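Remember, it's a predicted structure, so these values are computed and weren't measured experimentally. In what follows, chains carry the letters A, B, and so on, assigned in the order in which the sequence lines appear, proteins first and then strands, with residues in each chain numbered from 1.
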Amino acid sequence: MMSPDLFDRPAPLVARGLIGARLLIDGVGGRIVETEAYDAVDPASHSYRGQTPRNAPMFGPVGRAYVYRIYGLHWCFNVVCDAASPGSAVLIRALEPIEGVQIMQARRGVAAARDLCSGPGKLCQALAIDGRLNGIALTSPPFDLTAAAGAPNVVQGPRIGVSAGVGTAWRFAEAGSRFLSRAMTEEGA
DNA sequence: CGTAAGATATTCT
DNA sequence: GAATATCTTACGT
């Protein structure tokens, strides 16, 4: 289980550090292979225009979940970080499925491992993440978040699906992973 | 392979 | 009314 103070750093550092970490919810999940960082001075962030009912967890304690509905139907899962900069969080975008693959296949309605958790909405469906987990601490059940064993090879690039802040290279991914939401174009890290 | 449309909560104009 | 940190299905090449 990760120590809570590991989340108390700027969002890009936390996002990078989460690559290779193991995320399970009720024993189902895998290795984090793709993340994105957001903070309150970032025009692409939900927290950019201040606190609202939806983004309230981003302004709360570090190490908790920020779960929100996007496009009215999918869920997205974030880790709140950096107490010194309220409104900071890391979006978990893709996992390499490891534990409970059969359960994830049933929840997603697809069989291919690459389609189970290769996107923020997909992994929420695969791990059964929804609004009930919003604001919950990640350091206790049903969450099980373990730091990366080794030092994964991390690449970074521009974030996906944003029209503001496109010049900010705050998307992080494990180099060469087959389980990303989209291939990471060659970029320095 | 590709592009396009539809689902529809929350926020902003 | 329009946009959004998305995904699936349908249809053209």
For [X] and [N], give me the distance from atom [atom1] to atom [atom2], rounded to whole Å.
X	N	atom1	atom2	result
A/H74	C/dT4	NE2	P	16 Å
A/I70	B/dT11	CD1	P	13 Å
A/M58	C/dA5	CE	C1'	10 Å
A/R54	C/dA5	CZ	C1'	9 Å
A/Y71	B/dA7	OH	P	16 Å
A/R49	B/dT10	CZ	P	18 Å
A/W170	C/dA5	CH2	C1'	13 Å
A/R107	C/dC7	CZ	P	17 Å

Would you say C/dA5 has OP1 or OP2 under 4.0 Å from some side-chain N or O of A/R171?
->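 Looking at the OP1 and OP2 atoms of C/dA5, neither is under 4.0 Å from any side-chain N or O of A/R171.
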Determine the interatomic distance between P on C/dA3 and the same-named atom on B/dA4; round to the nearest Å.
->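 Nearest-Å result for C/dA3 against B/dA4 at atom P: 16 Å.
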Same-atom distance (P) from B/dA5 to C/dA2, integer angstrom =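 Between the two P atoms, the distance is 15 Å.
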Do A/Y68 and B/dA9 share a donor-acceptor pair, side chain to base, under 3.5 Å?
->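 When only heavy-atom distances are counted, A/Y68 does not reach the base of B/dA9 through any donor-acceptor pair under 3.5 Å.
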By nearest atom, which of the nucleotides [options] is closest to the [X] side chain?
X	options	value
A/R108	C/dT8, B/dT11, C/dA5	C/dT8
A/R69	B/dT10, C/dA5, B/dA9	B/dA9
A/K122	B/dT11, C/dC7, C/dT6	C/dC7

Just to be sure I understand the rule, does [X] reach a base, reach only the sugar-phosphate, or reach nothing, if contact means heavy atoms closer than 4.0 Å?
X	result
A/L91	base
A/R182	nothing
A/S163	sugar-phosphate

Between A/R159 and A/Y38, is NZ or CZ placed under 6.0 angstrom from the six-membered ring centre and within 45° of the ring axis?
->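 Yes, cation above the ring, under 6.0 Å and within 45°.
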Using heavy atoms to find the nearest nucleotide of DNA chain C for A/Q125 and A/H46 separately, return the residue whose nucleotide is more 5′.
->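 The residue mapped nearer the 5' terminus is A/H46.
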G-U wobble or Watson-Crick pairing nucleotide for C/dA5 (cut-off 3.5 Å, both distances) |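 Partner of C/dA5: none.
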Please give the nucleotide sitting opposite B/dT8 as a Watson-Crick or G-U wobble pair, both distances under 3.5 Å, or none.
->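 Looking at the geometry, B/dT8 pairs with no nucleotide.
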Could you go step by step and tell me if A/Q125 and A/R107 meet the side-chain hydrogen bond (donor to acceptor under 3.5 Å, both in side chains) rule?
-> CA-CA 7 Å; A/Q125 185 177 26; A/R107 287 172 176 162; over 6 Å; no
State whether the side chain of A/S88 and the backbone N or O of A/S85 hold a donor-acceptor pair below 3.5 Å, judged by distance alone.
->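 Flag set: sc A/S88 to bb A/S85 pair under 3.5 Å.
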Has the side chain of A/D39 got a donor or acceptor atom that lies under 3.5 Å from a matching backbone atom of A/D42?
->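 Answer holds: yes.
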Looking at A/I160, A/L91, A/L95, which hits side-chain contact (heavy atoms from CB on, under 4.5 Å) with A/E34?
->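 Answer after filtering A/I160, A/L91, A/L95: A/I160.
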Going by the side-chain contact (heavy atoms from CB on, under 4.5 Å) test, name the single residue among A/L138, A/N134, A/D130 that passes it with A/F77.
->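 Passing option: A/L138.
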